[in-house]
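This report concerns only the one structure given below.
By convention in this document, chain letters (A, B, ...) are assigned in the order of the sequence lines, proteins followed by strands, and residues within each chain are numbered from 1. Below, each value reflects all heavy atoms present in this structure, side chains not excepted, and no hydrogens, waters or symmetry copies.
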Amino acid sequence: MFAIVDCNNFYASCERLFRPELEGQPIVVLSNNDGCVIARSNEAKALGIPMGAPEFKFRQEMKQKGIHVFSSNYPLYGDLSARVMSVLEYLSPNIEIYSIDEAFADMRGFNHFDLNTHGLEVREKILKWIGMPVSIGFGSTKTLSKIANRVAKKTPKSGGVFVFDSQQQIDNVLKKIAIGDVWGIGRKWSMSLQHCGIHSAYDLAQADSTWIRRKYSVVMQRTQRELNGENCISIEELPEKKQLLVSRSFKNKITNYQLLRSLISGYVARACEKLRKQHSVASSIQVFIRTSPFNDSPKYSNAGTVSLNQYSADTATFIKMATYILENIYKDGYEYQKGGIMILDIIPDSKQQLCLFQPEKYDSNARQRMKLMDHVNNKYGRQTLRLGSESKKRWYMNQNLLSPKYTTSWNDILRVK
DNA sequence: TCTGGGGTCCTAGGACCC
DNA sequence: TCTGGGGTCCTAGGACCC
């Protein structure tokens, strides 16, 4: 048995938490750079604001309809997420944090529990202690628990919790779930399946398995098996990242190499922080830059990768590599709209193969420096210590509608009269 | 004027090896 | 005239997720 806990309209709920007067009001949260809508409260959904809507196209409409619009505030969301996750130990000892607002729980061994009651209790705790509304679904596979979660969310009388218990009940629900709403079936596959007469989750469960495998892939076949109660996707506790990506769209188009370089350096620094935080090292880095795909100005996009013959997590080393790549792919005369870096070939620090001619893990001086830098930055805030090549402002983004960092910044703490 | 960011897994095809 | 069989590794691209 699995459970999935999913925060309702997470980002919108976070913004509402410190602005209780917004309860019942429509809210949307914008992507980085205030580009497009990435989260909506139920009220905003009801007013017809689509997911992914470009902000500038809907600005008038949102204003007119009295929708409260926020820039995304990741320090706030990250902190509230961590608080919600910490309460989940009351649900099960074995939790997999699946995304910022979702976690799976391994419910094996809970056979003698009344899962519905148990779920309702945990839901109540999270609501009371954190103020975050969540939905919880229980099913015999991850895919079925996702569907149970959907039922919990859409059925008010469920109280936010739904448990699949009989096959009859599963069949009845699956018949009502549109194929595109199944976890693992996206837009492309959904269209194709419907073309073949498969319209509901039930249809997919009943379809010929070898045909699914042949026409699509093992991936979809797995989803089908999961719908039929066969466990194919297991719980993984905090899997380490195999690649790390940091990329941003720029506030204004960039035509200046120096600025681009300093931003790219900042991205590298951020990625290396993440790398060290998960106690890993890596040997390759990729840098990419591109012009806007949306306008008529000349298009250019390029990327380059370099590898080291040694593993490292040293920011300076990776910045050097990134700069080398950038020098090679940068071309004058274009208006760059986006750039990013990817750290590849990541392995746990403890498992690295030492080099025959350099029988030391990455340079111990560098290691010391990074340790110090992380320590200072954890204590006094990001970029308190940074490398000279990094831009002072790491992101170069629009965030015109940003809410305070209520829970992570002393300066932003809520004042109560 | 203005269109997000960060991940995973699988497959096919090419280069290369013996 | 006729030119094998069995592998590995890497990369790019396409699907998916939140």
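Contact check of residues 313-339 of chain A against DNA chain B (heavy atom, cut-off under 4.0 Å) returns A:K338. Residues from residues 214-227 of chain A placing a heavy atom under 4.0 Å of any atom in DNA chain B, listed by number, are A:V218, A:V219, A:R222. Within residues 268-297 of chain A, the residues having any heavy atom closer than 4.0 Å to DNA chain B are, in order of number, A:K274, A:F294.
Along DNA chain B, the nucleotide nearest A:K241 and the nucleotide nearest A:G35 are compared for position; the residue whose nucleotide lies closer to the 5' end is A:G35. Where A:L244 and A:R213 each meet DNA chain B at their nearest nucleotide, the meeting point lying more 5' is that of A:L244.
Between A:E390 and A:R394 there is a salt bridge, with a side-chain nitrogen of the basic residue lying less than 4.0 Å from a carboxylate oxygen of the acidic one.
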- Item | Pair assignment for DNA chain C - dot-bracket with | for other-strand partners, Watson-Crick or G-U under 3.5 Å | ....||||||||||||||

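For A:K274, the NZ atom is densely surrounded, since the number of other residues' heavy atoms within 6.0 Å is greater than 12.
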- Item | Residues A:E43, A:K65; criterion salt bridge (Lys or Arg N to Asp or Glu O under 4.0 Å); working and verdict | CA-CA 11 Å; A:E43 299 78 12; A:K65 290 180 172 170; over 6 Å; no

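Ring-centre distance between A:Y336 and A:Y330: below the 6.0 Å cut-off.
Every pair passing side chain to side chain donor-acceptor pair (under 3.5 Å) that includes a residue from residues 47-60 of chain A is listed here, sequence neighbours excluded: A:E55-A:R59.
Along DNA chain B, read 5' to 3', the first and last nucleotides having any atom under 4.0 Å from a heavy atom of chain A are B:dC2 to B:dT11.
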